[in-house]
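Worksheet for the structure shown next.
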Amino acid sequence: MSLKSKIKIGVSNPKVWIVIGVSIAGVLILTAETRRRRLKGRHTVREDYGAFIEKFELLSFPQLPPPAAKQSLSSLTFAVNDVFDVKEYVTGFGNPDWKRTHEEAGKTAVVVTTLLKNGATCVGKTVVDELSFGITGENSHYGTPTNPAMPSHIPGGSSSGSAVAVAAELVDFAIGIDTIGGARIPASFCGILGFRPSHGVVSTIGILPNSQSLDTVGIFARDPSILHRVGHVLLQLNPVEPRRTRRIIVADDLFQLSKVPQQKTVYIVSKVTEKLSGYQAPKHMNIGQYILSNVPSLKYFREKTSNQQNGTYTLKALSSAMLLLQRYEFKTNHEEWINTVKPRLGSDLSDSIQAAITANHENIKAYYKVRTEMRAALRNLLKDDGILVVPTTADTSLKLSSKKTLLKEFHDRTFPLLSIAAMSGCCQVTVPFGKHEDSLIGVSFIANHGSDKFLLDTVLDMYQSLQGQVSAVTSLPPSLDLNGNMEASELLKEKGNAAYKGRQWNKAVTYYTEAIKLDESNATFYCNRAAAYLELGCFQQAEEDCTKAISLDKKNVKAYLRRGTARESVLYYKDALQDFKYALVLEPQNKAAKLAEKRLQKQVS
């Protein structure tokens with residue numbers, strides 16, 4: 001029998017078809033299961049959110065006996081990212097080939113030792129972008145740490161692991177590196193505080209360099225008091241300093257470049273500074289135009305086709321100078337190792353790192369001249385009492401594995417904002433400001449170089465009030481926004497009035513309460529809430545609200561009438577009568593007050 005005949009007989013046999021069918025089904029099931037597991041793996045949160053490269057415990061130094069002061073960081077835990085030397089551990093720089101070709105550290109980085117001496121315990125090393133070069137937080141070798149707030153989005157980098165460890169409450173605080181945004185971006189994307197100190201004021205001994213003229217130690221924390229304490233330890237600050245009046249300056253043009261809503265930010269900051277003592281009302285400026293006028297060396301970095309008088313192009317030129325300076329110093333530091341070892345680099349960073357290594361630099365002096373002029377310009381603007389308010393990033397957090405075109409746009413839009421502190425050496429804190437379009441946003445406060453204590457004190461002073469206002473504004477109904485001419489509190493009052501007219505008393509109370517959260521000095525809000533409380537039979541609350549309204553506005557007739565009604569309802573006739581009499585003094589023809597006075601005269605006589 002020929003082979004062809006055998007095949008014909010085989011395929012015509014029903015048993016053969018059963019075997020083939022079972023086999024194909026098995027392959028399909030296996031393929032589907034493999035795909036399902038891969039998809040599940042993409043969205044499964046790894047242990048410790050993938051924040052750590054390795055975990056260990058470095059115990060704090062022992063507390064010295066009295067009269068030595070108590071260690072200010074006692075009982076706090078922290079993590080460091082993989083650019084800080086820890087004795088007897090290899091500093092991996094976010095790349096396995098770097099780790100393979102380097103020895104264990106002989107000493108621990110100065111900042112880590114300082115934290116240990118002040119009572120904190122180090123629990124491990126965290127993921128960093130390869131060679132601390134990226135800003136997305138993605139690392140193809142060690143995995144991308146999971147953003148606890150938005151697991152399908154990037155955590156931001158380069159110090160992604162440290163930010164995630166803090167946001168996930170795995171440690172009390174963490175340190176990382178900020179060269180061109182490495183601490184500020186992940187803090188903003190993960191919804192925590194991130195501090196870039198003034199350049200050069202915190203020791204970088206024992207830290208792998210990216211670009212020495214831009215590198216600073218970044219600090220992450222959830223709690224402003226912890227950020228304040230850690231900052232004081234690393235900066236070796238004098239705990240006592242005369243309080244200064246604070247000038248708040250809003251960089252309007254930067255908010256135009258960002259998705260962070262300007263009107264919401266200005267509203268929140270204005271409300272907070274109104275309530276706190278020692279703050280001037282926010283002023284507004286175009287920081288791009290200011291830099292254009294005060295940093296002449298930027299002419300070397302402007303695009304030839306750009307409008308020379310446009311502040312936006314000036315900011316792009318500033319970011320170009322920053323990136324060229326970073327690449328020049330990175331090349332000086334690491335060109336020999338990269339050319340010798342030829343390390344495996346992730347696809348997302350390979351092109352950028354190779355471009356840095358192969359770049360030719362013609363006008364190196366101009367990089368440093370821009371840096372010097374920027375520091376002088378910001379010093380003249382901010383002096384020792386100014387705070388510049390800017391959006392931390394231009395865009396909200398991108399989705400994981402975004403296309404290169406999106407990444408390029410993200411870089412191009414964000415670097416101008418990050419370059420202001422980086423190129424001036426000024427200190428900057430990014431503060432969580434709730435959500436915009438379901439994504440976390442951060443707003444930054446920048447102070448003059450060397451004014452780190454002033455900045456940390458300001459953030460500590462404002463933080464609770466800022467978060468209260470953020471929460472109140474975030475809770476606004478979807479139909480209300482801050483882009484109209486009417487303030488949010490007034491819009492809420494109108495919503496309350498509409499609910500009141502619709503006999504929805506509880507809903508009216510809710511709207512008036514939200515309005516009061518935004519503006520506690522408006523007598524009408526309290527008086528209107530009192531009216532709703534009266535309808536609900538909550539006479540004590542109504543009386544309290546009216547008393548508050550009268551304290552704010554002594555001529556509020558409605559407040560006297562409603563307080564009189566509340567007091568009459570609980571049989572305080574004499575006090576009620578006094579309220580109605582005073583209402584008549586203010587408004588002699590008020591019919592309701594006249595009727596109430598006549599009625600109560602009989603009760604008290």
Side-chain angles (χ1 to χ4, degrees), residues 267 271-272 274-275 464-465 467-477 479-480 486-605:
Y267 178 86
K271 286 297 173 187
V272 170
E274 280 175 17
K275 294 176 184 178
Q464 191 168 355
S465 297
Q467 295 309 302
Q469 287 292 330
V470 167
S471 176
V473 170
T474 303
S475 69
L476 287 173
S479 58
L480 306 182
M486 192 181 291
E487 284 193 346
S489 56
E490 288 293 330
L491 286 166
L492 283 166
K493 183 198 77 174
E494 293 304 319
K495 276 282 184 179
N497 292 349
Y500 184 89
K501 289 175 184 176
R503 305 177 69 83
Q504 297 173 295
W505 319 123
N506 281 311
K507 198 171 184 180
V509 167
T510 299
Y511 282 125
Y512 293 136
T513 300
E514 293 301 323
I516 289 167
K517 285 181 183 177
L518 294 176
D519 186 357
E520 296 176 356
S521 62
N522 192 310
T524 301
F525 298 166
Y526 290 99
C527 191
N528 286 13
R529 189 170 68 174
Y533 275 139
L534 286 173
E535 296 292 346
L536 290 167
C538 301
F539 303 117
Q540 185 176 344
Q541 289 93 327
E543 182 187 12
E544 289 172 358
D545 270 359
C546 289
T547 300
K548 178 67 175 177
I550 291 165
S551 73
L552 294 168
D553 178 8
K554 295 286 191 292
K555 295 182 179 181
N556 191 320
V557 174
K558 287 182 179 179
Y560 285 106
L561 291 172
R562 287 168 186 169
R563 189 170 70 174
T565 302
R567 287 173 168 176
E568 183 181 1
S569 299
V570 292
L571 311 182
Y572 286 118
Y573 299 130
K574 190 174 180 180
D575 291 338
L577 179 60
Q578 292 301 317
D579 283 329
F580 290 121
K581 282 184 175 180
Y582 202 86
L584 284 169
V585 170
L586 296 171
E587 200 173 288
Q589 302 306 315
N590 190 291
K591 291 181 180 179
K594 282 183 176 181
L595 288 171
E597 182 189 33
K598 188 175 181 181
R599 182 176 66 249
L600 287 168
Q601 288 283 13
K602 295 177 181 178
Q603 294 290 346
V604 298
S605 59

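The chain is numbered in sequence order, starting from 1.
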Hey, are the side chains of [X] and [Y] touching, using non-hydrogen atoms and a 4.5 Å cut-off?
X      : Y      : value
Arg529 : Tyr500 : no
Thr565 : Phe580 : yes
Tyr267 : Leu518 : yes
Tyr560 : Leu586 : yes
Gln589 : Lys594 : yes

Can you see which heavy atom on [X] is nearest to which on [Y], and at what distance?
X      : Y      : result
Leu552 : Glu520 : CD1-O, 3.8 Å
Asp553 : Ala523 : CB-CB, 3.8 Å
Ala515 : Ser489 : CB-O, 3.5 Å
Val557 : Ala583 : CG1-CB, 4.2 Å
Tyr582 : Lys554 : CE2-O, 4.1 Å
Tyr573 : Glu568 : CE2-O, 3.8 Å

Just verifying a value: how many Å separate [X] [atom1] and [Y] [atom2], rounded to the nearest 0.5 Å?
X      : Y      : atom1 : atom2 : answer
Tyr511 : Asn528 : OH    : CG    : 15.0 Å
Ile550 : Tyr526 : CD1   : OH    : 13.5 Å
Gln541 : Leu534 : CD    : CG    : 10.5 Å
Lys558 : Glu587 : NZ    : CD    : 9.5 Å
Leu584 : Asn590 : CG    : CG    : 6.5 Å
Arg567 : Glu543 : CZ    : CD    : 4.5 Å

Take atom [atom1] in [X]; do more than 12 heavy atoms of anything else shown fall under 6.0 Å from it?
X      : atom1 : answer
Lys574 : NZ    : no
Gln603 : CD    : yes
Gln601 : CD    : yes

For Ser521, side-chain hydrogen bond (donor to acceptor under 3.5 Å, both in side chains) partners two or more places apart: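 Only Asp519 meet the side-chain hydrogen bond (donor to acceptor under 3.5 Å, both in side chains) criterion with Ser521.
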message: Test salt bridge (Lys or Arg N to Asp or Glu O under 4.0 Å) on Lys495 and Glu514; report intermediate values, then the result.
response: CA-CA 11 Å; Lys495 276 282 184 179; Glu514 293 301 323; over 6 Å; no
- prompt: Please walk me through it: do Arg562 and Tyr533 pass side chain to side chain contact (heavy atoms under 4.5 Å, CB included)?
  reply: CA-CA 10 Å; Arg562 287 168 186 169; Tyr533 275 139; over 6 Å; no
- prompt: Backbone N or O of Gln467 within a donor-acceptor pair of the Ser471 side chain at under 3.5 Å?
  reply: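 No, because the side chain of Ser471 does not come within donor-acceptor range (under 3.5 Å) of the backbone of Gln467.
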- request: Before giving the answer on side chain to side chain contact (heavy atoms under 4.5 Å, CB included), spell out for Leu536 and Asn506 the whole-Å C-alpha distance, their side-chain angles and the decisive distance to 0.1 Å.
  value: CA-CA 8 Å; Leu536 290 167; Asn506 281 311; 3.5 Å; yes
Worked verdict on Lys493 versus Tyr512 for side chain to side chain contact (heavy atoms under 4.5 Å, CB included): CA-CA 6 Å; Lys493 183 198 77 174; Tyr512 293 136; 4.2 Å; yes
- request: List the steps and the verdict of side chain to side chain contact (heavy atoms under 4.5 Å, CB included) for Cys527 and Asn556.
  value: CA-CA 9 Å; Cys527 191; Asn556 191 320; 3.9 Å; yes
